[in-house]
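Protein chains get the first letters and strands the later ones, always in sequence-line order, with residue 1 at the start of each.
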Number of protein chains: 2
Amino acid sequence: MKVSTSTNQSFDPLAGGIFPAACPSRTVLDHVSSKWGVLILVALAQGPQRWSELRRRAQGISEKMLAQTLKTLEGDGFILRDAQPVIPPRVDYSLTSRGSELVALLVPLLEWINVHAEDIVNGQA
Amino acid sequence: MKVSTSTNQSFDPLAGGIFPAACPSRTVLDHVSSKWGVLILVALAQGPQRWSELRRRAQGISEKMLAQTLKTLEGDGFILRDAQPVIPPRVDYSLTSRGSELVALLVPLLEWINVHAEDIVNGQA
DNA sequence: CGGTATCCGCACGGATACTG
DNA sequence: CAGTATCCGTGCGGATACCG
């Protein structure tokens, strides 16, 4: 069987990629699909937001995890940190263009989950 | 506010959903975005596969995690387990229609990650 | 082949206190 | 307001052994 890059119904878009244990794709996937990563990313889909807004949105997140998640996502170039040197401090987080690309793919997924979640956890078909 | 399916830059497709701490959406999201959940799901996008095939594909997964992930995904109705009472045993896993819907949203995400992963981990724009 | 059972380390992540 | 530092528990997940 040959690997096709065309639109095949038995698609293999992951050739050379996702499945090896220590590949870059896995690293990024782990960042994105981390417990809070997705939530922060889609939260930022609604536009730039401050630390405290993100904390309120992603209900249940701790300060530590918020800081850690934001740093990881910033390190990956998905979000931008804009710290204004004022008192009291004001820091805005926003999506980079790369982040926006990613979020554009994330949002349909979250929408789908949001629609079907209840049926799924209730064990309904 | 109404939910728009068009390309809106300030979309809010998550109303009433994802952000509360103990909502069904979070549960499902955690299952799907678990370390191995995504991998198993997209692996099954290539068609029904046996236990050992999945184990080989999702490189690095342990037997325990494979079993656990498969059960969770089966419980959510994403995959189907077909155990044939033969010796030696043969068990095939496949996507349900619900699973296929989900995977259809997952694949573009994984493709994107696969394409951009190297730049991201190398810190390139 | 396709699992289950058990043990166990470690890092993921929460709570609290403190700082610029 | 926006974090950092520290402590610490839990459970995620790997390794191994065993079973139908």
Side-chain angles (χ1 to χ4, degrees), chain A residues 18-23 26-41 43-44 47-76 79-95, chain B residues 18-22 26-41 43-44 47-76 79-94:
Chain A
I18 281 290
F19 292 116
C23 58
R26 279 279 192 98
T27 306
V28 176
L29 179 61
D30 283 351
H31 293 175
V32 171
S33 78
S34 73
K35 176 163 188 178
W36 301 108
V38 188
L39 246 19
I40 296 300
L41 284 169
L44 287 172
Q49 280 162 77
R50 305 177 62 175
W51 167 277
S52 41
E53 292 181 286
L54 290 171
R55 187 149 160 57
R56 252 177 286 118
R57 254 176 204 282
Q59 287 176 31
I61 197 171
S62 67
E63 295 190 347
K64 179 185 174 181
M65 281 304 105
L66 179 54
Q68 186 174 301
T69 303
L70 286 171
K71 276 185 182 171
T72 301
L73 295 177
E74 192 193 0
D76 287 344
I79 68 180
L80 197 68
R81 182 178 185 275
D82 175 30
Q84 302 168 42
V86 297
I87 296 178
R90 172 179 182 118
V91 183
D92 287 270
Y93 293 90
S94 57
L95 292 174
Chain B
I18 281 291
F19 293 115
R26 280 279 191 98
T27 306
V28 176
L29 179 60
D30 283 351
H31 293 175
V32 171
S33 77
S34 72
K35 177 163 188 177
W36 300 108
V38 188
L39 246 20
I40 296 301
L41 284 168
L44 287 172
Q49 280 163 75
R50 304 177 64 174
W51 166 278
S52 40
E53 291 181 287
L54 291 171
R55 187 149 160 58
R56 251 176 287 118
R57 254 175 206 282
Q59 286 176 30
I61 197 171
S62 67
E63 296 190 347
K64 178 185 175 181
M65 282 304 104
L66 179 54
Q68 186 175 302
T69 304
L70 287 171
K71 275 185 183 170
T72 302
L73 295 177
E74 191 192 0
D76 287 345
I79 67 179
L80 197 69
R81 180 179 187 275
D82 175 31
Q84 301 168 42
V86 297
I87 296 180
R90 174 181 180 118
V91 183
D92 287 270
Y93 293 91
S94 57

How close or far is atom [atom2] of [N] from atom [atom1] of [X], stated in whole angstroms?
X        : N       : atom1 : atom2 : answer
Asp82(A) : dC1(D)  : CG    : C1'   : 15 Å
Ile40(B) : dG3(C)  : CD1   : P     : 12 Å
Gln49(B) : dG2(C)  : CD    : P     : 12 Å
Leu66(B) : dG13(D) : CG    : P     : 13 Å
Glu74(A) : dA2(D)  : CD    : P     : 15 Å
Arg56(B) : dG3(C)  : CZ    : P     : 14 Å

Given Asp82(B), Leu44(B), Leu80(B), the one that forms side-chain contact (heavy atoms from CB on, under 4.5 Å) with Ser94(B): Leu80(B)
Criterion side-chain contact (heavy atoms from CB on, under 4.5 Å) against Trp51(B), the qualifying member of Glu63(B), Arg56(B), Arg90(B): Glu63(B)
Take Leu39(A) and Leu29(B) through the test side chain to side chain contact (heavy atoms under 4.5 Å, CB included) and record every step on the way to the result. CA-CA 10 Å; Leu39(A) 246 19; Leu29(B) 179 60; 4.2 Å; yes
Against the side chain of Glu63(B), the closest entry in dG3(D), dT4(C), dC1(D) is dT4(C)
Nearest to the Arg90(A) side chain among dT4(C), dC1(C), dA2(D), which nucleotide is it? dA2(D)
Tyr93(A) side-chain N/O to dG3(D) phosphate OP1/OP2 under 4.0 Å: yes
For a quick test of reading the model: is some side-chain N or O of Arg50(B) closer than 4.0 Å to OP1 or OP2 of dC1(C)? no
Where the side chain of Arg81(A) meets the backbone of Val91(A), is there a donor-acceptor pair that is under 3.5 Å apart? no
Just by distance, do the side chain of Arg57(A) and the backbone of Phe19(B) share a donor-acceptor pair under 3.5 Å? no
Under 4.0 angstrom, heavy atoms only, what part of the nucleic acid is Arg55(B) near: base, sugar-phosphate, or nothing? nothing
Pairs under 3.5 Å (N/O, protein and nucleotides 11-15 of chain C):
{"residue": "dG13(C)", "atom": "N7", "partner": "Lys64(A)", "partner atom": "NZ", "Å": "2.6"}
{"residue": "dG13(C)", "atom": "O6", "partner": "Lys64(A)", "partner atom": "NZ", "Å": "3.0"}
{"residue": "dG14(C)", "atom": "OP2", "partner": "Ser62(A)", "partner atom": "OG", "Å": "3.0"}
{"residue": "dG14(C)", "atom": "O6", "partner": "Lys64(A)", "partner atom": "NZ", "Å": "2.7"}

Side chain to side chain contact (heavy atoms under 4.5 Å, CB included) for Leu54(B) and Ile61(B)? Distances and angles first, verdict last. CA-CA 9 Å; Leu54(B) 291 171; Ile61(B) 197 171; over 6 Å; no
Identified side chain to side chain donor-acceptor pair (under 3.5 Å) counterpart of Asp92(A) within the set Gln84(A), Gln49(A), Arg50(A): Gln84(A)
